[in-house]
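No experiment lies behind these values; they were computed from the predicted model shown.
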Amino acid sequence: MKLLFVSNQRLPTEKAYGRQIATMCLNFAKIPGVDLELVYPSRHNIIQDDLFEYFGIEKNFKVSKVKAPDFYASGWLELIAFGMKNLLSALILARAVLSRKPDLVYSRDELPLYILSFFRKDLILEAHKVQNPRLFMYRRLRNCDVRIVAISRGLQDAFIELGFSTRNIFVAPDGVDAAVVWREEKNPSDKQAVRLKLGLPTDKKIAVYAGSLFAWKGIYTLVDAAKLLPEIYFLIVGGDRRGDEDDVRRYLAEKNIGNATITGYIRSEETIRDYLSAANVLLLPNTAKDKVSLVYTSPLKLFSYMAARRPIVASDLPSLREILDEHNSVLVKPDDAQALAEGIKKILGNPITADLMSEAAFRDVKQYTWEKRAEHILEFLS
């Protein structure tokens with residue numbers, strides 16, 4: 001089977017979507033009988049490594065970068081430039097797909113599939129959110145029997161409300177590498193040894209957050225909780241080039257919070273796993289004020305947390321409850337620094353309960369590997 005994965009995005013990228021795309025291509029291509037090609041447009045990119053080098057993955061699928069216009073503007077004109085560039089590259093990608101004649105076309109991007117729907121069938125949208133400006137695209141995709149791979153049941157419900165048939169929707173949350181789970185099971189990470197390796201304090205309780213620093217991720221609730229728990233060392237593993245990191249650093253300085261540290265962007269997945277292993281508790285403080293966070297998301301970090309075998313304190317949201325419950329985590333009121341602080345204290349004050357939750361989460365994550373996800377999606381598509 002010839003499977004074409006189309007991405008209308010900059011690749012490689014430091015953003016989470018890039019790793020998710022690369023990982024899914026890798027695992028689709030591992031399935032016997034699948035001939036996979038990833039096609040994406042050329043974009044200005046300060047990352048010079050090729051996709052396989054950047055993400056450190058096996059070169060088991062073909063990558064094609066098609067030439068597309070790349071231009072920028074300043075101020076409000078940038079939105080217009082982005083929209084034009086996005087449309088032009090989607091048209092070029094559609095032409096590239098039609099010239100290749102694959103059996104299936106798979107994408108996370110609505111626009112190329114919308115264009116292709118006028119020319120062919122066997123299109124699959126992996127949906128990560130529903131956006132009102134794209135409702136006309138969803139109507140077209142629905143009428144053309146485009147199949148949906150939704151990353152959460154909340155998204156499945158949203159597409160059903162848009163009129164998609166349940167038989168055309170498959171729910172597939174994100175996941176974690178099976179090799180990571182296997183290594184942790186065979187050789188559990190040593191918290192103190194990892195702290196020595198990273199130069200972290202060995203005599204403090206450490207609360208770790210890993211990921212991007214968008215406000216909807218609950219990062220400001222986290223740092224407010226840090227102010228309430230000055231005896232705890234808060235480690236924020238991540239950063240970006242969009243200005244969010246600078247905003248959080250300014251907020252820490254304004255609030256005079258001295259027990260929270262931001263590492264900055266870290267490329268190495270192994271180093272990020274080491275930081276998770278160094279933690280006494282892992283934090284997932286997503287906001288309830290954003291619909292993506294509340295209903296749609298399936299955070300990559302969640303599955304990494306579960307595989308790290310460390311206790312989790314998370315916002316009590318419908319999206320997160322699809323994976324978490326009271327047996328494998330402590331769930332707290334979202335957007336409430338006091339509630340988050342109390343959840344952290346609950347974990348740190350009850351080591352036996354913390355260990356039981358960690359082991360429950362570790363058992364649960366074994367069903368959410370990328371390998372199984374790719375297999376289940378192809379079973380659905382066939």
Side-chain angles (χ1 to χ4, degrees), residues 1-13 15-22 24-25 28-29 35-47 50-51 54 61-151 155 159 162-164 168 377 381:
M1 178 182 68
K2 188 173 181 181
L3 175 61
L4 200 62
F5 198 122
V6 178
S7 176
N8 196 18
Q9 303 285 344
R10 172 174 63 90
L11 287 172
T13 174
K15 298 180 183 180
Y17 76 78
R19 183 166 296 279
Q20 200 263 7
I21 289 171
M24 284 308 302
C25 289
F28 277 140
D35 176 18
L36 187 137
E37 181 181 2
L38 170 63
V39 182
Y40 60 93
S42 58
R43 290 276 191 268
H44 171 71
N45 200 340
I46 62 173
I47 299 171
D50 72 18
L51 183 131
Y54 186 79
F61 59 93
K62 183 179 178 181
V63 170
S64 298
K65 183 162 63 172
V66 297
K67 190 172 182 179
D70 192 18
F71 48 87
Y72 299 86
S74 59
W76 62 270
L77 289 174
E78 177 56 25
L79 289 175
I80 297 175
F82 177 81
M84 292 176 59
K85 182 168 58 177
N86 199 44
L87 174 59
L88 290 171
S89 59
L91 288 165
I92 292 168
L93 287 169
R95 184 176 64 181
V97 170
L98 294 173
S99 69
R100 285 164 168 78
K101 299 179 180 178
D103 298 305
L104 294 174
V105 180
Y106 192 100
S107 183
R108 290 176 40 140
D109 301 296
E110 295 93 343
L111 186 53
L113 296 183
Y114 173 79
I115 296 167
L116 285 166
S117 70
F118 291 92
F119 303 98
R120 61 163 294 152
K121 295 185 181 296
D122 295 320
L123 306 175
I124 301 98
L125 171 66
E126 181 175 302
H128 288 248
K129 55 187 171 182
V130 169
Q131 301 181 77
N132 287 336
R134 300 180 183 182
L135 289 178
F136 74 97
M137 296 188 201
Y138 300 132
R139 284 193 290 268
R140 172 72 190 178
L141 299 181
R142 176 197 64 202
N143 295 338
C144 294
D145 275 341
V146 170
R147 285 170 285 181
I148 304 294
V149 174
I151 62 168
L155 265 175
F159 277 95
L162 289 170
F164 283 78
N168 280 345
I377 289 173
L381 297 179

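A 4.5 Å side-chain heavy-atom check between Lys129 and Ile151 finds every atom pair outside the cut-off. Val97 is not listed as a side-chain neighbour of Val39, based on a closest heavy-atom distance of 4.5 Å or more. Taking the side chain as every heavy atom from C-beta outward, Phe71 and Leu88 approach each other to under 4.5 Å. Counting only heavy atoms from C-beta outward, the side chains of Ile92 and Pro69 approach each other to under 4.5 Å. The closest side-chain heavy-atom distance from Phe61 to Glu37 is not below 4.5 Å.
Across every non-hydrogen atom of Tyr40 and Leu38, the tightest pair is CD2-CG, 4.0 Å. Closest non-hydrogen pair, Gly18 versus Thr13, comes out as CA-CG2, 3.5 Å. Across Phe164 and Val146, no two heavy atoms sit closer than the pair CE2-O, 3.9 Å. Of all the heavy atoms in Ala68 and Ser42, the pair that sits closest is N-OG, 3.0 Å. Here the closest non-hydrogen pair linking Leu87 and Leu111 is CA-CD2, 3.8 Å. The two residues Val149 and Ile377 have their closest heavy-atom pair at CG1-CD1, 3.9 Å.
Remark: the backbone N or O of Ala96 is paired with a side-chain donor or acceptor of Arg100 at under 3.5 angstrom. A donor-acceptor pair under 3.5 Å links the side-chain atoms of Asn45 to the main chain of Pro12, judged by distance alone. Side chain of Ser107 to main chain of Val6: a donor-acceptor pair is present (N/O by atom type, distance under 3.5 Å, no hydrogens or angles). With hydrogens and angles disregarded, no donor-acceptor distance shorter than 3.5 Å links the side chain of Asn8 to the backbone of Asp109. The backbone N or O of Ser117 sits less than 3.5 Å from a side-chain atom of Arg140, completing a donor-acceptor pair. A donor-acceptor contact shorter than 3.5 Å links the side chain of Asn143 to the backbone of Arg139.
When the shell of 6.0 Å around NZ of Lys2 is examined, it contains more than 12 heavy atoms from other residues, nucleotides or ligands. For Met1, the CE atom is densely surrounded, since the number of other residues' heavy atoms within 6.0 Å is greater than 12. Remark: Arg95 CZ is loosely packed, at most 12 non-hydrogen atoms of other residues, nucleotides or ligands lying under 6.0 Å away.
Between Leu381 and the choices Ile124, Leu3, Asp103, the side-chain contact (heavy atoms from CB on, under 4.5 Å) rule is met once, by Ile124.
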Using the side-chain contact (heavy atoms from CB on, under 4.5 Å) rule, take His44 and Tyr72 through it: C-alpha gap first, then chi angles, then the decisive distance, then the call. CA-CA 10 Å; His44 171 71; Tyr72 299 86; 3.6 Å; yes
Would you sort out whether Val63 and Asp50 count as a side-chain contact (heavy atoms from CB on, under 4.5 Å), showing the intermediate values? CA-CA 10 Å; Val63 170; Asp50 72 18; over 6 Å; no
Applying side-chain contact (heavy atoms from CB on, under 4.5 Å), run through Ile47 and Arg10 and close with a yes or a no. CA-CA 10 Å; Ile47 299 171; Arg10 172 174 63 90; 4.1 Å; yes
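Here the straight-line distance linking atom CG of Asp145 with atom CZ of Arg147 works out to 9.0 Å at 0.5 Å rounding. Atom OG in Ser64 sits 10.5 Å away from atom CG in Leu93 (nearest 0.5 Å). Rounded to the nearest 0.5 Å, atoms CD (Glu110) and CZ (Arg134) are 4.5 Å apart. The CG atom of Leu125 lies 4.5 Å from the CD1 atom of Ile148; values are rounded to the nearest 0.5 Å. The distance from atom CD1 of Ile21 to atom CZ of Phe5, rounded to the nearest 0.5 Å, is 5.0 Å. Annotation: the span from Leu113 atom CG to Arg120 atom CZ amounts to 10.0 Å, rounded to 0.5 Å.
Ring orientation note: the planes of Phe136 and Tyr114 are nearly perpendicular, at an angle over 60° on the 30°/60° scale. Taking the six-membered ring for Trp and thresholds of 30 and 60 degrees, Phe159 and Tyr138 have ring planes more than 60 degrees apart, a perpendicular arrangement.
Between the side chains of Tyr106 and Glu126, a donor-acceptor pair is found at a separation under 3.5 Å. Between the side chains of Arg108 and Gln9, not a single donor N or O lies within less than 3.5 Å of an accepting N or O.
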